[in-house]
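Side chains included, hydrogens not; waters and symmetry mates left out as well; all remaining heavy atoms used. Fair warning: this is a prediction, and the values are worked out from it, not measured in the lab.
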Amino acid sequence: MAGREIQTTQKTQSFSRRQFTAAAAVAVLGAAGLLGGRLSRAVTETGPNGPLQLSLAAAVINRVYRITAREAPRVTDMPKHEFRGFWLSTVVNIDWPSRAGLTAAAQQTELRGWLDLARNQNLNAVMLQVRPSGDVFWPSTVGEPWSRYLTGTQGRNPGYDPLAYALSQAHARNLHLHAWFNPFRASMTASLTDLVASHPARKNPSWTFAYGGRRYYNPGLPAVRSFIIKVIAEVVSKYDVDGIHLDDYFYPYPVAGQTIADSAAYNAYKLPGESLADFRRRSVNLFVRDLSTRIFATKPRMLFGISPFGIWRNSSTDSRGSATSGFQSYDGIFADSRNWVKQGWLDYVVPQLYWHQGNPAADYNTLIQWWSAQVAGTNCRLYIGEAAYKVGDPAQGADWQDARELYNHSAKCRATARVAGQVYFSAKSVRANTLGSMTLVKNKFYRRVAMTPVMSHLGAQRPYAPVISSAKWNGSGVELIWRGATTGTLPRHYAVYRWEAGASSSAYIPSQAGALRRVHRRRGNPEKFVDTGVVRGHTYWYVVVALSDLMVESAAASAIFIRA
């Protein structure tokens with residue numbers, strides 16, 4: 001039935017709604033074959049004043065129940081929705097591949113190791129850099145070549161599709177994968193001859209400028225912005241990535257004594273009376289706006305996020321800015337990140353708050369509060385970029401020699417309104433776990449798996465509820481099997497909860513992750529999960545909830561009470 005709603009009709013039985021009792025429900029639904037021989041603890045029927053919930057007195061072993069009751073929201077240190085990720089950098093082989101020229105098999109082995117690390121840390125997302133420097137990690141038809149960081153030679157085919165492989169492996173581990181692009185960097189060197197002859201920057205040298213020993217696409221040129229959007233849109237249309245992600249590089253960071261060679265673009269495209277700085281900011285704003293529009297037009301439910309430099313402007317410069325005295329990205333790299341949030345162009349923002357608590361120029365605590373205020377009243381989710389690479393590095397000062405610095409950051413995030421997660425730079429620093437800092441974070445804040453935040457502003461349709469088929473001991477644990485809906489809004493994920501309880505207890509849909517055992521990406525029908533964490537002979541509730549691609553829950557859940 002649509003929505004797997006349990007309903008009765010005049011054709012089935014002639015009970016009025018006022019006369020409908022639990023016993024009648026058992027008889028009617030059993031005769032209709034809707035319970036599969038099992039008695040439903042909570043049968044939903046519509047009465048004159050709304051839904052009626054008809055419950056039995058005690059849970060029965062091995063019976064499947066359809067439930068709609070939800071646990072009241074409460075403060076918890078185990079939230080069920082929280083973004084937890086790391087950046088997996090490919091430029092100059094920072095993280096992966098560990099060096100250029102590895103065989104395809106070796107690259108794939110390393111990649112699986114990084115994804116296993118994320119899963120073992122109870123993270124749920126990976127930002128994979130797929131366009132590090134005007135070259136790509138997928139077989140692009142738009143014009144940019146294969147990345148030199150794969151084979152050692154720009155343009156050489158690695159023998160497989162790294163993005164497709166990463167997606168399949170990430171999703172198999174219930175991880176979200178966001179495709180990370182550096183938008184305007186064309187090369188890590190200044191010379192155009194370092195690029196393959198077919199490279200768009202080499203074929204269109206007027207699109208670029210050299211600065212600080214590197215080569216950049218010029219954001220002030222409409223043709224450049226259109227081309228880069230076309231490159232990114234290819235991934236949007238061809239790959240089932242969970243999001244499109246940009247880093248903080250727009251115009252290059254200032255280099256003493258050097259000037260950006262963009263006067264021709266400024267003179268050609270400036271507005272009347274527009275300053276060079278305003279022209280540059282407007283050029284970047286147009287790029288962000290137009291990319292957002294293109295993503296939404298191609299896939300309306302695709303997420304788009306940016307990780308800007310952590311300071312927009314200081315309050316001494318602009319009353320809307322933060323109480324800081326550091327580098328201002330609005331003025332220094334012409335990135336009006338506050339505007340992107342306020343305009344609704346982003347689904348999430350990850351400001352890079354790479355400072356310690358109490359930093360005199362840029363206090364972490366001050367900045368996290370400022371960013372929280374900026375996303376207030378918007379649909380933009382706030383995740384915090386964390387400098388895991390600074391922990392234990394003597395060059396970073398005494399504060400980063402404290403193993404609890406990142407731990408304290410996580411505590412501040414949990415205590416700050418509208419902060420919905422953290423992302424760590426970079427993967428190798430998470431793996432290094434210097435001073436045991438990531439272990440401290442995991443043991444306190446990431447003890448349970450979590451679902452990524454709900455993005456209902458892109459679509460609030462609830463998937464139909466799943467139905468548990470069975471739960472039984474298979475020799476090593478409880479094997480749970482369920483079926484998902486095959487029509488309507490299909491589930492993309494399932495949340496599987498389990499807790500120990502007696503027969504007098506009731507099942508419900510939890511509001512926190514204390515009982516969350518697995519976030520399971522839909523693979524087929526039926527689905528299976530083996531829970532090895534139970535004690536033989538003890539009794540448990542299992543509850544399975546369907547989730548949409550935007551993590552919106554089904555209205556109801558399926559539950560079963562078992563003895564392991």
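At a threshold of 4.5 Å between non-hydrogen side-chain atoms, the residues V341 and Q343 do not count as touching. At least one side-chain heavy atom of V349 sits under 4.5 Å from a side-chain heavy atom of P308. Residues V423 and E386 fail the side-chain proximity criterion, which asks for heavy atoms closer than 4.5 Å. Counting heavy atoms from C-beta outward, T539 and I61 have side chains that approach closer than 4.5 Å. Looking at heavy atoms from C-beta onward, E527 lies in side-chain contact with Y494 at the 4.5 angstrom threshold. The shortest distance between side-chain heavy atoms of D347 and R381 does not fall below 4.5 Å. Between V130 and W180 the shortest side-chain heavy-atom distance does not fall below 4.5 Å. Between V241 and M302 there is a side-chain heavy-atom pair separated by less than 4.5 Å.
Nearest approach of D247 to I306, heavy atoms of both residues: O-CG2, 3.9 Å. Taking every heavy atom of both residues into account, A166 and L115 meet most closely at O-CD1, 4.1 Å. Heavy-atom minimum distance, L406 versus A388: CD1-CA, 4.0 Å. Between I481 and P526 the shortest heavy-atom distance is CG2-CB, 3.8 Å. For the pair V350 and S307, the tightest heavy-atom approach, listed with the atom from each and the gap, is O-OG, 2.8 Å. Between Y65 and A58 the shortest heavy-atom distance is OH-O, 4.4 Å.
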Legend entry - CA sep, side-chain torsions, deciding dist, call: T489, Q461, side-chain hydrogen bond (donor to acceptor under 3.5 Å, both in side chains): CA-CA 7 Å; T489 300; Q461 299 92 337; 5.6 Å; no
Inset, instruction - Tell me, with the steps shown, if T324 and N314 meet side-chain hydrogen bond (donor to acceptor under 3.5 Å, both in side chains). - result: CA-CA 5 Å; T324 52; N314 301 314; 2.6 Å; yes
Inset, instruction - For side-chain hydrogen bond (donor to acceptor under 3.5 Å, both in side chains), just list the numbers for Q422 and Y446, CA-CA rounded to whole Å, side-chain angles, deciding distance to a tenth of an Å, and then say yes or no. - result: CA-CA 11 Å; Q422 295 167 282; Y446 301 165; 3.2 Å; yes
Inset, instruction - Test D531 against R517 for salt bridge (charged side-chain N to carboxylate O under 4.0 Å, His left out), laying out the working first. - result: CA-CA 8 Å; D531 184 2; R517 301 298 148 175; 5.5 Å; no
Inset, instruction - Take V288 and L291 through the side chain to side chain contact (heavy atoms under 4.5 Å, CB included) test and state the conclusion after the steps. - result: CA-CA 5 Å; V288 173; L291 176 57; 5.9 Å; no
Legend entry - Trace of the side-chain hydrogen bond (donor to acceptor under 3.5 Å, both in side chains) decision for H409 with Q357: CA-CA 8 Å; H409 287 197; Q357 292 179 323; 5.1 Å; no
Inset, instruction - List the steps, then state whether salt bridge (charged side-chain N to carboxylate O under 4.0 Å, His left out) holds for D77 with K444. - result: CA-CA 8 Å; D77 66 353; K444 172 61 178 178; 3.7 Å; yes
Inset, instruction - Give the C-alpha distance, both sets of side-chain angles, the deciding distance and a yes or no for salt bridge (charged side-chain N to carboxylate O under 4.0 Å, His left out) between D363 and K412. - result: CA-CA 12 Å; D363 179 16; K412 180 64 176 177; over 6 Å; no
Inset, instruction - Go through the steps for Q121 and V430 under the test side chain to side chain contact (heavy atoms under 4.5 Å, CB included), then give the verdict. - result: CA-CA 9 Å; Q121 289 289 321; V430 173; 4.2 Å; yes
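Remark: of the listed residues R418, R320, R338, R338 is the sole one forming a side chain to side chain donor-acceptor pair (under 3.5 Å) with Q374. Only one option out of W371, W340, Y330 pairs with W312 in a ring pair (Phe, Tyr, Trp, His ring centres under 6.0 Å); it is Y330. Results of the ring pair (Phe, Tyr, Trp, His ring centres under 6.0 Å) test with W355 over F327, Y364, F309 single out F309 as the only residue that passes. For the ring pair (Phe, Tyr, Trp, His ring centres under 6.0 Å) with H176, the lone residue among H171, H245, H493 that qualifies is H493. The salt bridge (charged side-chain N to carboxylate O under 4.0 Å, His left out) with E553 is formed by just one residue from the set R462, K80, R492; it is K80.
Counting only residues at least two apart or on different chains, the ring pair (Phe, Tyr, Trp, His ring centres under 6.0 Å) pairs with a member in residues 507-533 are W482-H520, W499-Y508.
Side-chain N/O atoms of D248 and Q352 include a donor and acceptor closer than 3.5 Å. When only modelled atom types and interatomic distance are considered, H356 and D399 share a side-chain donor-acceptor pair under 3.5 Å. Using modelled atom types and a 3.5 Å distance limit, the side chains of N124 and T452 yield no donor-acceptor pair. When only modelled atom types and interatomic distance are considered, N474 and S476 share a side-chain donor-acceptor pair under 3.5 Å.
With values rounded to the nearest 0.5 angstrom, W87 atom CH2 is found 11.5 Å from S429 atom OG. If you take CD1 on I468 and CG on L480, they are separated by 5.0 Å, rounding to the nearest 0.5 Å. Rounded to the nearest 0.5 angstrom, M451 CE and E82 CD are separated by 11.5 Å. With rounding to the nearest 0.5 angstrom, the CD1 atom of I384 is 10.5 Å from the OG atom of S410. Remark: K299 NZ to D549 CG distance equals 10.5 Å, nearest 0.5 Å. Taken to the nearest 0.5 Å, the CG atom of L382 stands 6.5 Å off from the OG atom of S372.
In this structure, S329 contributes its side chain and I333 its backbone to no donor-acceptor pair below 3.5 Å. The closest donor-acceptor contact from the side chain of N174 to the backbone of V519 lies under 3.5 Å.
Ring orientation note: the planes of W541 and F561 are tilted relative to one another, at an angle of 30° to 60°. Relative orientation of the Y540 and Y542 rings is tilted, given thresholds of 30° and 60° on the angle between their planes. Relative ring orientation between F86 and W114 is described as perpendicular, the plane-to-plane angle rising above 60° on a 0-90° scale split at 30° and 60°. The aromatic rings of Y348 and F83 lie parallel to each other, with less than 30° between the two planes, well short of the 60° mark.
With salt bridges taken as basic N to acidic carboxylate O contacts below 4.0 Å, none links D242 and R301. Using a 4.0 Å cut-off between charged nitrogen and carboxylate oxygen, E405 and K390 do not count as a salt-bridge pair. Taking a cutoff of 4.0 Å between a charged side-chain nitrogen and a carboxylate oxygen, K428 and D95 do not qualify as a salt bridge. With respect to R173 and D116, a salt bridge is recorded, a charged nitrogen being found less than 4.0 Å from a carboxylate O.
In the displayed structure, F296 atom CZ is contacted under 6.0 Å by at most 12 heavy atoms of other residues, nucleotides or ligands.
The salt bridge (charged side-chain N to carboxylate O under 4.0 Å, His left out) check on R404 picks up nothing, with sequence neighbours excluded.
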